[in-house]
Novice: 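Below is the structure I would like to discuss, written out as structure tokens.
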Amino acid sequence: MKYLVTSALPYVNNVPHLGNLAGSILPADVYTRYRRLNGDKVIYICGTDEHGTPITISAKNERLSPRLLCDKYHGIQTDLFERFHIKFDNFSRTTRKPHYELTTQFFEKLLANGHIIEKVMTMPYDQKAELFLPDRYVEGTCPHCGYSPARGDQCDGCGKLLLPEELKNIKSTISGETPIFKKTTHWFLDLPKFSDRLKGWLESQTHWRPNVRNFALSWVKHGLKQRAITRDLDWGVPVPLPQAAGKVIYVWFDAPIGYISSTRELYGGDASKADEWWKSKDTQLIHFLGKDNVPFHAIVWPSMLLGVDEGYNLPHYIEGYEYLKFNGKKFSKSLNHGIWLDEAAALYPADYWRYTLISILPQTKDADFSWQEFGKRVNDELNDAIGNFVHRSLTFIQSKFGGKVPEPELDDAAKEMLKSIDATFEEAGKLFEAFDLKGALNSVLRLAKKGNQYFNEQAPWKKDNPTALYVSVQLDAALSVLLSPFIPASSQRLWQTLSQKGSVSSTSWSAPKVAAGTNLQKPRPLFSKINPKEAAERLASLRGKRG
RNA sequence: AGCGGGGUGGGGUAGCCUGGAGUGCCCGUCGGGCUCAUAACCCGAAGAUCAGUGGUUCAAAUCCACUCCCCACUACCA
């Protein structure tokens, strides 16, 4: 079995925040690293999502062309993900030519197969900004409850669904002008046609989490609607029809196609090589994404894949994470509420963030990031339980055994401990297979705790006990491998301290052996404690410096 | 309003699909131990009407119905 892993393409009009990292990119990276260690064939595909109205608006605000804005943030994001040790097999962009070509082909094929329908609709138009306005970009007074500002699609006051033309005192949120209503032609994906096939397919995906599967099923059961896949914009993939001048394909349509075009790019444009992942029956297609993206990946995207009828695999698994909040509230760029990746990278090592984000991963419900929580995870778990076990065993060998792994005489307690190592590889592996990354990390943490227990029981400082130290070194090495999907940089440091050759990431998912007689390197603490209070202050001063 | 998810000792989280003693894990609190280690580590204890009500069952955190509360989504933000 081969594994094609994707994470939702990050949108390129901003610096990503911790939630963006935790919500798909990091877990996909951790999962992929596990797969690789386990000896599986796997690739991790991603890229930046560079179309849509917000890009054009951000570009205006920053006085850049959309292309230059995308260049800028694609560069920033590429750099940031590297700093967090995210290892993509390919990180592409949806503005590259092959992506345009493939998106055009998808559109033409769906049209030829009768899945795309042309319709005339009326939309608000901002004359000053010269822009058709998506519903969310108009606001006014709710005709039902008088609440203001109500958005163009729904009133936040009474919760009623609205149409933009129902709003009183309607305004464009871009220019503040009153929009006029104009007719415009658009193309719709005929989703209702796929209802039966989607329903059957979704019902058979019993291995999915209920939040993903039930949510998608409820859409199908309530009746799918035809969905507009074009926009009146000049930024995007042009609609390949003579009567569609000035119209582009909707960013939500082209973004997932980016998974395929990015895979082709990995193979230098060789489509048949990419198809070995996309069309071969022994590949599992696995999407990591945030819950807001579930309908798109579970309904629209599979319909597109079915509709082109070219033998593409449907997703095997869709991991839809809930949201990460900061101090109990949503991340918000406009309120500057949250932590952005450039700030996080400047404050603490990537591994501290990676460890904490996985340990609070919102797998079944929203999770909250706070400095308190960060402190607990880094100090109590990463530093005290894991780091301290490694450090106490390694310094002991330095001071009492001259830095040389001693020859053991395996007694029952030692054998038991070695068995626990094997059991942890097995248990964590199973949890990875079930996409329970948080559980896998937890089982590794428990092994470190067992190590501390063992060390205390053996009390090698009381009597000569080379066996206990031999076993502890085996544990250290096991931890290095077990932790490497989560905290690759620290794992590698530990690996080298144990005088092991090469990269820990290219070993295998099984207990490594450090031979008796091996000369170990001088240990330095793997981690250090952080002070939650000071962390908040350091963030504030960082922001102060930048103005 | 509708749809989806969630409510489990003080905090967090797993268990629920496939019912079997309130079981596990991380933290906190209290008491004890250890002194190799970054004031780290280990042991023990206290602490819960499993949101509520009703039902099914020999048996319910788990299945069913209703109610309350939290989060998100609702198709033209991406």
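Residue numbers start from 1 in every chain, and the chains themselves are labelled A, B, ... in the order their sequence lines are given, proteins ahead of strands.
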Novice: Take A/E50 and A/T48 through the test side-chain hydrogen bond (donor to acceptor under 3.5 Å, both in side chains) and record every step on the way to the result.
Specialist: CA-CA 6 Å; A/E50 309 197 354; A/T48 41; 2.6 Å; yes

Novice: For RNA chain B, which residues of residues 386-400 of chain A approach it to below 4.0 angstrom with any heavy atom?
Specialist: A/N388, A/H391, A/R392, A/T395, A/F396

Novice: Do any of residues 8-20 of chain A sit with a heavy atom less than 4.0 Å from RNA chain B, and if so which?
Specialist: A/Y11

Novice: Would you compute the distance between atom CG of A/D351 and atom OG of A/S491 and round it to the nearest 0.5 angstrom?
Specialist: 7.0 Å

Novice: Can you tell me which nucleotide in B/C41, B/C3, B/A75 comes closest to the side chain of A/H222?
Specialist: B/C3

Novice: Whole-Å distance between B/G28 P and A/E373 CD?
Specialist: 12 Å

Novice: Taking OP1 and OP2 of B/C43, is either one under 4.0 Å from a side-chain nitrogen or oxygen of A/Q453?
Specialist: yes

Novice: Side-chain N or O of A/N211 versus OP1/OP2 of B/G6: is the shortest distance under 4.0 Å?
Specialist: no

Novice: Suppose we call two aromatic rings close when their centres sit under 6.0 Å apart. Are A/F369 and A/H17 close by that rule?
Specialist: no

Novice: Could you please name the option among B/A78, B/G12, B/C41 that lies closest to any side-chain atom of A/T53?
Specialist: B/A78

Novice: Cationic tip of A/K333 within the cone over A/W340's six-membered ring, i.e. under 6.0 Å and within 45° of the normal?
Specialist: yes

Novice: Tell me whether the OP1 or OP2 atom of B/C17 has a side-chain N or O from A/T206 closer than 4.0 Å.
Specialist: no

Novice: How many whole angstroms separate atom OH of A/Y352 from atom C1' of B/U38?
Specialist: 11 Å

Novice: Below 3.5 Å, can you tabulate the donor-acceptor pairs from side chains in residues 53-61 of chain A to any protein atom, sequence neighbours excluded?
Specialist:
residue, atom, partner, partner atom, Å
A/T56, OG1, A/T53, O, 2.6
A/S58, OG, A/N13, ND2, 3.3
A/S58, OG, A/P54, O, 3.0

Novice: Taking atom C1' in both B/A14 and B/C66, compute the distance separating them and give it to the nearest angstrom.
Specialist: 28 Å

Novice: With distance as the sole criterion, is a donor-acceptor pair present between the side chains of A/D126 and A/S172 under 3.5 Å?
Specialist: yes

Novice: Specify the separation, in whole Å, of atom NZ of A/K365 and atom C1' of B/A51.
Specialist: 12 Å

Novice: Could you tell me whether the side chain of A/N456 has a donor or acceptor atom within less than 3.5 Å of a complementary atom in the base of B/C41?
Specialist: yes

Novice: Determine: side-chain N/O of A/T364 to OP1/OP2 of B/A14, distance under 4.0 Å, yes or no.
Specialist: yes

Novice: So, is A/K463 near the phosphate of B/C36, with a side-chain N or O under 4.0 Å from OP1 or OP2?
Specialist: no

Novice: Taking only side-chain N and O atoms of A/K529, does any of them lie within less than 4.0 angstrom of OP1 or OP2 on B/A40?
Specialist: yes

Novice: Name the pairing partner of B/A1, where a pair is Watson-Crick or G-U wobble with both distances under 3.5 Å, or state none.
Specialist: B/U74

Novice: Is a salt bridge present between A/K365 and A/E322, judged by a nitrogen-to-oxygen distance below 4.0 Å?
Specialist: no

Novice: Round to the nearest Å and state the distance from A/L431 atom CG to B/C26 atom C1'.
Specialist: 15 Å

Novice: Above 12 or not: heavy atoms from other molecules or residues under 6.0 Å from CG of A/D380?
Specialist: yes

Novice: If you measure from the P atom in B/U35 to the same atom in B/A60, how many Å do you get, rounded?
Specialist: 50 Å

Novice: In this structure, how many angstroms lie between the C1' atom of B/A75 and the CG atom of A/N293, rounded?
Specialist: 13 Å

Novice: Would you say A/K291 has more than 12 foreign heavy atoms packed within less than 6.0 Å of its NZ?
Specialist: yes

Novice: In terms of side-chain heavy atoms of A/K462, which of B/G5, B/C34, B/C41 is nearest?
Specialist: B/C34

Novice: Do any side-chain nitrogens or oxygens of A/Y323 fall under 4.0 Å of OP1 or OP2 in B/G5?
Specialist: no

Novice: Between B/A46 and B/G28, how far apart are the two C1' atoms, rounded to whole Å?
Specialist: 13 Å

Novice: To the nearest Å, how far apart are A/I299 CD1 and B/C73 P?
Specialist: 17 Å

Novice: Would the number of heavy atoms belonging to other residues, nucleotides or ligands and lying under 6.0 Å from NZ of A/K450 be above 12?
Specialist: no

Novice: Could you work out the separation of B/C16 and B/U62 based on their P atoms and round it to a whole Å?
Specialist: 12 Å

Novice: Kindly point out which of B/G11, B/C41, B/G5 is positioned nearest to the side chain of A/D384?
Specialist: B/C41

